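Report on the following structure.
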2 protein chains.
Amino acid sequence: MQDTAIPATKRTAMTNQSQAVSADLIAVVIAVTNGEPRVLTIGKPGALPSGPFELGHRSLQSGLRAWVERQTNHPLGYVEQLYTFADRDRIGDERVQISISYLGLTREEQAERSPTHGWHGWYDYFPWEDHRAGVPPILPDILTPRLLAWADDVEDPSMRRDRRQRVAYAFGLDDRDWNEELVLQRYELLYEAALVAEAARGRDTSGAPALPGRPMIADHRRILATGIARLRTKIKYRPVVFELMPPAFTLLQLQRTVEALAGRLVHKQNFRRLIEQQDLVEETGETMSDTGGRPAKRFRFRQAVLAERAVAGTKLPLTRA
Amino acid sequence: MQDTAIPATKRTAMTNQSQAVSADLIAVVIAVTNGEPRVLTIGKPGALPSGPFELGHRSLQSGLRAWVERQTNHPLGYVEQLYTFADRDRIGDERVQISISYLGLTREEQAERSPTHGWHGWYDYFPWEDHRAGVPPILPDILTPRLLAWADDVEDPSMRRDRRQRVAYAFGLDDRDWNEELVLQRYELLYEAALVAEAARGRDTSGAPALPGRPMIADHRRILATGIARLRTKIKYRPVVFELMPPAFTLLQLQRTVEALAGRLVHKQNFRRLIEQQDLVEETGETMSDTGGRPAKRFRFRQAVLAERAVAGTKLPLTRA
DNA sequence: CCAAGTTATACTCGCTATGAGCATAAGGAG
DNA sequence: CTCCTTATGCTCATAGCGAGTATAACTTGG
């Protein structure tokens, strides 16, 4: 909606010889398959679909859709803008690159495997973010000690305190709770502490210990972190989970999807209560008897809620375990 | 933090002959003076400070700061990105303009009046958004009837229902509550219904009735609406109000500022309870005996909270009246 | 100095939302 | 038929929040 083009009148800027820049569109496309959140990538080394904004594109969003579909043959559903940033090309080039990143939600098509693109579980990139089976060992075993060591590795005591506090806050140390939304803050701390491969680029890393999580091209992993954080925040107040669900589903399937995204478990009964009392779904009439238990009713998303309260809420009960 | 420059490696895009575009930075700079929220403008007709992103700028944000300070001599404090959009220059030009908008918060300097810039109450632009003294007459008297007329002015019954529903939702009709965050949705509905001057540009408006709210250049009013909406949302979960406060203030002053932003009144006692129990402020020791009542303690923002919980919460009790 | 008006502050009440469990229902696998 | 597993229904206790009552502490006009 923000993407609507309103003709610009005379520019009010003082100069008009504005610098020529190029604009790139980058997509974080998410799907959840078998209870695992996955991200759409292209090429071998793990890169997000992207491409330059071109004259033929009607709007930024449609340009993005065009690129994703061209590179992956995968149509996009829900799309929202994430963040815009600028990189100076590294050789002190006269060219400035502006990247506009987007979050997209779809369902992974079962068909077509392709060499040009693929889906990867997002916890491959962020293994410390999955707390569904409890605190992942990588945290207490590797990351926490190294982060604390990094925090202490500075002379200025106030800066040391600041680092400790940021680490403790972002990673839920001491008595603090784990906050699943702080994906970006955690990644940035790890980057600062040179605990992700991307931070070591250009440095000599021979003989250094392996760093956790699969790296990505350029700053794509940071962008992915931004997308995950946004999605984890958003599912709490907007009915976007349904973009990731098939047309009909059981409440447990819905719950598993939410848990996959949030990286933590929720209380089953309370989850159902919340979903039902918000009238987000309606029964299809069918029932599912697969998973070896009492058959579950199947539901579908009540499309009407989008119109009724485009902004209302999908609250989620988030528990420890 | 997102603005950090990480060197981009080889572009993964399929083509590299990326379209030359120009990038503009636009600022929505807000201050609250005497219980009135104001926006920083330049030039006569009401335009937001803006200017092209240039090579000399270290980052998008610093470019924005440079422009605002150059155009208004006003230093910026808190800044966050709002939205990025693209306009095709209207004459089917080969040039595409990308605009990156920001929200900035400061305090209005008492000194220097300048012809090059000025502060304007934001309710001049959005008179229907101020509900502090109850529902503004312009709504029931003018806007609501015209919006409903617009909604009915379409053949397709499902589209008519959709329009009615959107209007009712955005403007809190029927039994619905007024939601102060829907600033952008309301503006867009008014635009669609041609009830704001910007929508009538290029059309013949001779003899048409006056439209509510002061218009702005190009789509600047829409951008302002985006900024207001973001701020109204954000004060509810981040301690950003304090960016708008003087170093020391009474709780009532703080409350008035919040009310000015939200456009609605809050329950005084509950407001205090919330602020205090969150440890957002600390007493300065001084007391203020101005406003003809019992003297109020003065408080200052506890800067520590920014470190303690960079994300925590500043909940606001929002009541009807 | 007193009365009235105004703002500051302290508490109390009642309801709702939400975190946690307990209990029962309804299938499938052996 | 028994055990296991998942689905569903209900209860309970509490924290948080919307509202309202009751004082306290000044200022200002007689």
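What you are looking at is a predicted structure, and each value in this text was computed from that prediction instead of being measured. As a basis for the values below, the full set of heavy atoms in this structure was taken, side chains included, without hydrogen atoms, waters or symmetry mates. So that the names make sense, note that chain A is the first sequence line, chain B the second, and so on, each numbered from 1.
Salt bridge absent: E243(A) and R238(A) never bring a charged side-chain N and a carboxylate O closer than 4.0 Å. Ion pairing between R300(A) and E283(A) fails under the 4.0 Å rule for side-chain N and carboxylate O. K297(A) has no carboxylate O lying under 4.0 Å from a charged side-chain N of E286(A), or vice versa, which leaves the two without a salt bridge. Electrostatic pairing of E259(A) and R264(A) does not count as a salt bridge here, judged by no charged N lying under 4.0 Å from a carboxylate O.
For the helix from dC1(C)-dG30(D) to dG30(C)-dC1(D), the axis fitted to the five pairs at one end and the axis fitted to the five pairs at the other end meet at an angle of 0° (nearest 10 degrees).
Mapped onto DNA chain C by nearest heavy atom, R273(A) and Q269(A) fall at different nucleotides, with R273(A) at the one closer to the 5' end.
Listed for the N179(B) side chain is a donor-acceptor partner under 3.5 Å among the backbone atoms of E181(B). When atom types are taken as modelled, the side chain of R230(A) and the backbone of Q81(A) share a donor-acceptor pair closer than 3.5 angstrom.
A pairwise comparison of heavy atoms in P145(A) and P140(A) identifies CD-O, 3.3 Å as the closest pair.
Closest contact between the side chain of L252(A) and the listed nucleotides dA7(D), dC11(C), dT8(D) involves dA7(D). Of all nucleotides listed (dA8(C), dT6(D), dA20(C)), dA20(C) comes nearest to the side chain of H267(A).
What separates NZ of K297(B) from P of dA25(D) is a distance of 11 Å, to the nearest Å. Whole-Å rounding puts the F271(A) CZ to dG9(D) P distance at 15 Å. One can place CG of L251(B) at 14 Å from C1' of dA10(C), the figure rounded to the nearest angstrom. One can place CG of N270(A) at 13 Å from C1' of dC22(C), the figure rounded to the nearest angstrom. Counting to the nearest Å, the P atom of dG18(D) and the CD atom of Q255(B) are 13 Å from each other. Rounded to a whole Å, the CG atom of L274(A) is 15 Å from the P atom of dG9(D). Across the protein-nucleic acid pair, L265(A) atom CG and dG21(C) atom P stand 14 Å apart, rounded to whole Å. The separation between R256(B) atom CZ and dA8(C) atom C1' is 12 Å, rounded to whole Å.
Using a 4.0 Å heavy-atom distance criterion, Q277(B) is classed as a sugar-phosphate-only contact.
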Enumerate all atom pairs, one protein N or O and one N or O from nucleotides 13-15 of chain D, separated by less than 3.5 Å.
none

With 3.5 Å as the limit, what N/O pairs link the protein to nucleotides 27-30 of chain C?
none

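Under 4.0 angstrom from either OP1 or OP2 of dA7(D) there lies at least one side-chain N or O belonging to K268(A).
Evaluation of the side-chain hydrogen bond (donor to acceptor under 3.5 Å, both in side chains) rule for E36(B) yields R132(B) as partners, not counting sequence neighbours. Take Q253(A) and apply the side-chain contact (heavy atoms from CB on, under 4.5 Å) test, not counting sequence neighbours, and it matches M245(A), F249(A), T250(A), M288(A). Evaluation of the side-chain hydrogen bond (donor to acceptor under 3.5 Å, both in side chains) rule for R273(B) yields N270(B) as partners, not counting sequence neighbours.
Aromatic ring orientation, Y125(B) versus H120(B): perpendicular (interplanar angle above 60°, classes split at 30° and 60°). A parallel orientation is assigned to the rings of H131(B) and W178(B), their planes being inclined by less than 30° (bins at 30° and 60°).
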